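Notes follow the structure.
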Amino acid sequence: MGYPDQAVVERTERRTNAPVALSSITVRTKKDLEALRDAWAGTDGNPKILASTAGCEDLSFSGLDIKCVLRGEESSGRNSVHNIVLAPGAEIPAHGLDHGDAYWVVAGGEVELTIGSKTAVLGNAGFGFAPPHTTQAVANRSNAPAEVFVIHLPAGIERGFALAKAKYAESGADTVREAWALLEPLGLKLTDSQPLANDDRVNCQQHRVDRKISTLDDLVALRADWAQLEPIPKLVVDPRECRNIAAMGQEARLLLSPEESRGAASAFCNIIHGGVDVPAHHQPTEEETFIILRGDIRLRIGNQTAERVSPGAFGFAPRFGTHAFTHLGEGESFVFSINTPGGHDRGFEIGLTEGGKPEFPQIIEAHGFTFHGPGH
């Protein structure tokens with residue numbers, strides 16, 4: 001066998017794009033949601049690759065074309081992902097989460113994104129992070145449709161979106177605001193213009209926290225250190241303004257550090273200029289989500305490879321899920337990626353400083369990466 005956990009990886013690969021049965025737990029209260037998340041925690045995640053969001057569950061209403069791209073049943077309850085196309089003039093009202101995080105990335109057009117006390121107009125690859133008790137709102141003030149993806153950690157909000165759509169249809173609600181108000185039992189609350197506890201901390205500086213990483217247990221301990229920090233809401237207009245970790249022949253622009261997310265995630269805009277080929281690998285302690293924002297990519301997730309995917313394509317690699325990608329063409333490609341929990345950036349950093357050393361395979365595995373080598 002080529003690496004110690006190859007059997008687990010191969011079992012995970014066989015679940016790629018496998019259909020999943022929805023849990024029978026009906027979610028109408030916070031207690032129901034906690035029970036659902038407990039049930040999900042005992043399941044395995046499924047690798048998923050989509051050339052587009054066409055065919056995903058449609059949760060659309062009132063100027064919001066909402067597709068459920070990833071459910072809790074597919075991610076062990078750790079992530080849910082929605083693609084939202086806002087018609088001109090459409091908006092999602094100001095709201096906050098009592099628990100869990102929201103990560104926003106603009107995939108097309110132009111939106112006005114509010115995170116905490118800051119509002120900015122964002123185009124392709126713009127990013128926002130809203131931890132609990134942070135105002136968030138999205139509006140399309142332009143004359144053309146705009147497209148965003150939103151990732152929620154943990155999963156569960158998809159049940160609320162389905163409920164909102166159904167109630168919206170039943171009641172004939174006049175506004176998106178009325179539909180969004182139905183999500184309050186699930187921990188999403190409209191702010192009614194009242195500031196929330198984290199609103200004034202947007203884009204504040206967070207000190208770096210490190211410890212020596214010699215084994216994977218050290219990385220897990222570092223994540224425990226990050227978990228003691230206060231999260232920093234984030235609004236990024238241009239990813240090129242973010243720190244560049246020039247790893248594996250790409251600009252890995254660090255949109256969100258693990259210190260800023262209190263260890264929940266590391267998020268990147270990977271800007272690829274040439275014939276970059278990231279070989280097959282997996283992470284045993286984190287999942288990774290990919291969204292193609294610009295250019296064309298050959299993308300492998302699990303045991304399936306899409307030979308050429310374009311903007312709007314999606315990939316999800318759960319723990320032990322194989323993934324790899326190759327840049328196609330001469331121009332730039334932008335690939336948004338988010339790793340949960342955080343720490344992926346530390347692996348990129350160690351690749352820059354230790355990449356040529358004979359002991360590098362052991363060093364990079366301590367940082368959460370396992371590369372498969374030829375033939376895998």
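Keep in mind that what you see is a predicted model, and the values were worked out from it rather than measured. Start at 1 with the first residue, then count along the sequence. Heavy atoms only: backbone and side chains are in, while hydrogens, waters and symmetry mates are out.
- Between Val85 and Pro145, the shortest heavy-atom contact is CG1-CB, 4.0 Å.
- In this structure the side chain of Ser142 never reaches within 4.5 angstrom of the side chain of Pro88, judged on heavy atoms.
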For this session: For side-chain contact (heavy atoms from CB on, under 4.5 Å), just list the numbers for Ile84 and Ile92, CA-CA rounded to whole Å, side-chain angles, deciding distance to a tenth of an Å, and then say yes or no.
Result: CA-CA 10 Å; Ile84 305 175; Ile92 296 172; 4.0 Å; yes
For this session: Kindly determine whether Arg262 and Asp101 satisfy salt bridge (charged side-chain N to carboxylate O under 4.0 Å, His left out), including the steps that lead there.
Result: CA-CA 11 Å; Arg262 43 84 171 90; Asp101 301 334; 2.9 Å; yes
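- A distance-only check finds no donor-acceptor pair linking the side chain of Glu158 to the backbone of Leu70 [under 3.5 Å].
- Side-chain atoms of Pro318 and Thr12, non-hydrogen and from C-beta on, do get closer than 4.5 Å to each other.
- Judged purely by atom type and a 3.5 angstrom limit, Arg253 uses its side chain to pair as donor or acceptor with the backbone of Cys242.
- The hydrophobic cluster containing Val150 does not contain Leu196, counting ILVMFWY residues as joined when their side-chain heavy atoms lie under 4.5 angstrom apart, directly or transitively.
- For the atom pair Asn79 CG and Glu288 CD, the distance stands at 11.0 Å (nearest 0.5 Å).
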Problem set entry | side chain to side chain donor-acceptor pair (under 3.5 Å) between Asp58 and Ser60, intermediate numbers included | CA-CA 6 Å; Asp58 189 349; Ser60 305; 2.5 Å; yes
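- Note: His282 and His323 fail the aromatic proximity criterion, with ring centroids not under 6.0 Å apart.
- Proximity of a side-chain donor or acceptor of Ser117 to a complementary backbone N or O of Asp199 within less than 3.5 Å is detected.
- Ring pair Phe348/Phe268: centre-to-centre distance below 6.0 Å.
- Checking side-chain atoms of Asn303 against main-chain N and O of Glu13 turns up a donor-acceptor pair under 3.5 Å.
- Between Arg223 and Pro258, the closest side-chain pair of non-hydrogen atoms is not below 4.5 Å.
- Aromatic ring orientation, Phe161 versus His82: perpendicular (interplanar angle above 60°, classes split at 30° and 60°).
- The line from CD1 of Ile115 to OG1 of Thr134 is 7.5 Å long, rounded to the nearest 0.5 Å.
- Using bins of under 30°, 30° to 60° and over 60° for the plane-to-plane angle, the ring pair Phe371/Phe369 lands in the parallel bin.
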For this session: Could you please spell out the steps behind the salt bridge (charged side-chain N to carboxylate O under 4.0 Å, His left out) verdict for Arg208 and Glu349?
Result: CA-CA 14 Å; Arg208 182 177 170 112; Glu349 291 175 357; 2.7 Å; yes
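- In this structure a side-chain-to-backbone donor-acceptor pair under 3.5 Å is missing from Asp192 to Gln194.
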Problem set entry | Derivation of the side-chain contact (heavy atoms from CB on, under 4.5 Å) call for Leu229 and His207 | CA-CA 9 Å; Leu229 303 173; His207 66 282; 3.7 Å; yes
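- The environment of CD in Glu359 is crowded: more than 12 heavy-atom neighbours from other residues, nucleotides or ligands sit within 6.0 Å.
- Nearest heavy atoms, Val27 versus Asp32: CA-CB, 3.7 Å.
- Cluster annotation: Val111 and Val69 are assigned to distinct hydrophobic clusters (Ile/Leu/Val/Met/Phe/Trp/Tyr, side-chain heavy-atom contacts under 4.5 Å, transitive).
- In this structure, the side chains of Leu216 and Leu219 come closer than 4.5 Å at one or more pairs of heavy atoms.
- Although no hydrogens or angles enter the test, the distance criterion places no donor-acceptor pair under 3.5 Å between the side chain of Asn339 and the main chain of His344.
- Comment: Glu259 does not engage Arg243 in a salt bridge, judged by the lack of any side-chain N to carboxylate O separation of less than 4.0 angstrom.
- Side chain of Lys234 to backbone of Ser257: no donor-acceptor contact under 3.5 angstrom is found.
- Ser76 places a side-chain N or O within donor-acceptor distance of the main-chain N or O of Thr43, the cut-off being under 3.5 Å.
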Problem set entry | Step-by-step side-chain contact (heavy atoms from CB on, under 4.5 Å) determination, Phe336 to Leu255 | CA-CA 9 Å; Phe336 171 81; Leu255 302 173; 3.7 Å; yes
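- The main-chain N or O of Ala39 is never found under 3.5 Å from a side-chain atom of Arg37 such that the two would form a donor-acceptor pair.
- With a 4.5 Å cut-off on side-chain heavy atoms, Phe314 and Asn83 do not count as touching.
- Of the possible polar contacts, one joining the His281 side chain to the Pro279 backbone as a donor-acceptor pair under 3.5 Å is found.
- For Asp200, the CG atom counts as loosely surrounded, since its 6.0 Å shell holds 12 or fewer non-hydrogen atoms of other residues, nucleotides or ligands.
- Put simply, the residue from Thr191, Val202, Asn198 that forms a side chain to side chain contact (heavy atoms under 4.5 Å, CB included) with Thr135 is Thr191.
- Of all non-hydrogen atoms in Gly63 and Ala90, the two that sit nearest each other are O-CB, 3.4 Å.
- Using a 4.5 Å cut-off between side-chain heavy atoms of Ile, Leu, Val, Met, Phe, Trp and Tyr, with links allowed through other members, Leu64 and Leu59 fall into the same hydrophobic cluster.
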Exercise. Should Ile338 and Phe149 be marked as a side-chain contact (heavy atoms from CB on, under 4.5 Å) after you check the CA-CA gap, both sets of side-chain angles, and the distance that decides it?
Worked result: CA-CA 12 Å; Ile338 182 168; Phe149 282 81; over 6 Å; no
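- Residues Lys67 and Glu147 are not paired through a salt bridge, judged by the lack of any N-O separation under 4.0 Å between the basic side chain and the carboxylate.
- Between Arg15 and Gly45, the closest heavy-atom pair is NH2-O, 2.8 Å.
- One finds the CG atom of Asn203 at 8.0 Å from the CD atom of Glu260 (value rounded to the nearest 0.5 Å).
- Taking the six-membered ring for Trp and thresholds of 30 and 60 degrees, Phe127 and Tyr103 have ring planes inclined between 30 and 60 degrees apart.
- Ile157 and Val148 fall within a single hydrophobic cluster, where Ile, Leu, Val, Met, Phe, Trp and Tyr side chains are chained together by heavy-atom contacts under 4.5 Å.
- Between Glu91 and Arg141 the shortest side-chain heavy-atom distance falls below 4.5 Å.
- Using a 4.0 Å cut-off between a side-chain N of Lys or Arg and a carboxylate O of Asp or Glu, Arg211 and Asp218 do not qualify as a salt bridge.
- Annotation: Asp210, atom CG; neighbour count of heavy atoms from other residues, nucleotides and ligands within 6.0 Å is above 12.
- Side-chain atoms of Glu241 and Val236, non-hydrogen and from C-beta on, never get closer than 4.5 Å to each other.
- No chain of hydrophobic side-chain contacts below 4.5 Å, direct or via other Ile, Leu, Val, Met, Phe, Trp or Tyr residues, connects Phe334 to Trp104.
- Note that the CG atom of Leu256 and the OG atom of Ser261 stand 5.0 Å from one another [nearest 0.5 Å].
- Between Cys269 and Ala125, the shortest heavy-atom distance links the atoms SG-CB, 4.2 Å.
- Side-chain contact between Trp226 and Val209: present, with at least one pair of heavy atoms (C-beta onward) separated by less than 4.5 Å.
- Salt bridge Lys357/Glu354: present, at least one basic N to carboxylate O contact under 4.0 Å.
- Atom OG of residue Ser333 and atom CG of residue Leu328 lie 7.5 Å apart, to the nearest 0.5 angstrom.
- Minimum interatomic distance between Arg159 and Leu186 (heavy atoms only, all atoms of both residues): C-CD1, 4.2 Å.
- In this structure, CG on Asn17 lies 8.5 Å from CD on Glu74, to the nearest 0.5 angstrom.
- Judged purely by distance below 3.5 Å, without hydrogens or angles, the side chains of His273 and Glu251 pair a donor atom with an acceptor atom.
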